[in-house]
Number of protein chains: 2
Amino acid sequence: MKVAEPTIERLVQYYRLLTQLKEEGRRVISSQEIGEMLGLKASQVRKDLSYFGEIGKRGVGYHVDRLHDHVSKILSHPNVWRIGLVGVGRLGEALLGHKSLRSDKFGIEAVFDVDPNKVGKMIEGVPCFHVDDMPKILKEKKIEIIILTVPAQAAQQAVDKAVASGVVRGILSFATAPLVVPPDVLVYGVDIAAELEKLLFYLKSSTSKE
Amino acid sequence: MKVAEPTIERLVQYYRLLTQLKEEGRRVISSQEIGEMLGLKASQVRKDLSYFGEIGKRGVGYHVDRLHDHVSKILSHPNVWRIGLVGVGRLGEALLGHKSLRSDKFGIEAVFDVDPNKVGKMIEGVPCFHVDDMPKILKEKKIEIIILTVPAQAAQQAVDKAVASGVVRGILSFATAPLVVPPDVLVYGVDIAAELEKLLFYLKSSTSKE
DNA sequence: TCAATATTGTTCATGGAGGCACAAAGATGA
DNA sequence: TCATCTTTGTGCCTCCATGAACAATATTGA
């Protein structure tokens, strides 16, 4: 069963919204309303939600609790993912403490750096190891996911050491560098500078219009 | 002239690669090679690059310097953008110091927070003001772009104050919250948690296959 | 000079995502 | 009970991005 990437992204949004609605005690909601709150067309919402089976009630809408459970199950993982964070610069540390990355569905089990002032210490309650020890530590701790927050020049080298462990299956990279990985390793990149450039490009274009 | 969003994103990648090639003294490169280095099909590269006019030489390839200039011009801005950063938490501070956001094409002119310990001080060489003073300060400093790094609950309120200035035209948001803005304000969102969830979802799916 | 080779620019087809519109199904009220 | 109204689920159409194939152009070597 293959699901489109934009759909997954929206499912995460639905999940957040539903969690909030649940807290507010809301019982039922329509695709129309969901769409308005998230800036989507109602038909888009319905298509996304019906993708995993009929879950709404025609003439009524979606039962908030039931839909929340449903989306939760779609996004749920069979196990708790164990994550390693590579590069404890300011961005890495910010992510370590970030609410979004505190969840019971995954946890950051180790961080890695090359700075001797950091290696061996606990950072935000997580032990810090040397990047060179990644193959060993990742295997020991059964870490399958890597969050990469190192400078661009160091990115490929760090990735090579990580995949050398043989246990890493996914990488979330914040480095603005193209990464080469074995075909069975999945890479997602968040390119902050590129996002800003895109924004600026379209702003420039729209300047002439208005 | 309208350009597709994925194309812009790749142009940024081309630009980075070309800058590097230039430093290495490389004179000429083919679409094939560019594609291999960035993980793209050669035909894709050619289509992107020819979109803004014929710039390569058939039978030869692309002249690195010339192509670099060309892409640079496409991505260039008529003026230096003035940016404000809202929310000086750890993520905000990390971005302030991040290399990717140091450029001669834009600059962060002010930061905003509600914390009295920060307001009035200089942070990373940038003056910090209270969020409530945004309308005034943004207008004074002619800031057209906002980078939003506040908690989700505070996001909409902060955006409302920012757009109230009347000068803000674009927002790069790191908050995991849907934002309502006037139609003439452009919003790009970077949703870190959603990216991670996507990665985990596809890893889960591929577990059964292998 | 001309054949062989290399590489771009472009056309065309394929697939996929979004959105409209309508049928199906449940609710409501007389 | 039945007509009307609401809201979902889905078929269909359109648009856009990708990728393959080919024609056009430049280089090279004999």
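Chain A is the first sequence line, chain B the second, and so forth, proteins listed ahead of strands; every chain is numbered from 1. Values below: every heavy atom of this structure, side chains too, minus hydrogens, waters and symmetry copies.
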Between the protein and nucleotides 11-15 of chain C, which nitrogen or oxygen pairs come in under 3.5 angstrom?
unit_1, atom_1, unit_2, atom_2, d
dT11(C), O4, K47(B), NZ, 3.4

For nucleotides 21-23 of chain C, which of its nitrogen or oxygen atoms have a protein nitrogen or oxygen under 3.5 Å away, and what is each distance?
unit_1, atom_1, unit_2, atom_2, d
dA21(C), N6, R46(A), NH2, 3.3

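Here the straight-line distance linking atom CD of E5(B) with atom NZ of K198(A) works out to 4.0 Å at 0.5 Å rounding.
Taking atom CD on E9(A) and atom P on dG18(C), their separation rounds to 10 Å, with Å as the unit.
Among residue pairs with one or both ends in residues 70-80 of chain A, those qualifying as side-chain hydrogen bond (donor to acceptor under 3.5 Å, both in side chains) are H77(A)-W81(A); sequence neighbours excluded. Among residue pairs with one or both ends in residues 9-42 of chain A, those qualifying as ring pair (Phe, Tyr, Trp, His ring centres under 6.0 Å) are Y15(A)-H68(A); sequence neighbours excluded.
Note on L40(A): nothing from the nucleic acid sits closer than 4.0 angstrom, heavy atoms only.
Map D48(A) and I55(B) each onto its nearest nucleotide of DNA chain C; the residue landing nearer the 5' end is I55(B).
For E197(B), the salt bridge (Lys or Arg N to Asp or Glu O under 4.0 Å) partners at least two apart in sequence or on another chain are K105(A).
Dense packing is recorded around NZ of K22(A), with more than 12 heavy atoms of other residues, nucleotides or ligands lying under 6.0 Å away.
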Requested in this report: Go through L148(A) and L179(A) one step at a time and tell me if the side chain to side chain contact (heavy atoms under 4.5 Å, CB included) criterion holds.
Outcome: CA-CA 11 Å; L148(A) 195 67; L179(A) 298 179; 3.9 Å; yes

**Report entry** Steps toward side chain to side chain contact (heavy atoms under 4.5 Å, CB included) verdict (E144(B), L203(A))
**Finding:** CA-CA 10 Å; E144(B) 295 181 293; L203(A) 282 182; 6.0 Å; no

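Between the side chains of Q32(B) and E36(B), a donor-acceptor pair is found at a separation under 3.5 Å.
Taking a heavy-atom distance under 4.0 Å as the criterion, the stretch of DNA chain D touched by chain A extends 5' to 3' from dT6(D) to dC12(D).
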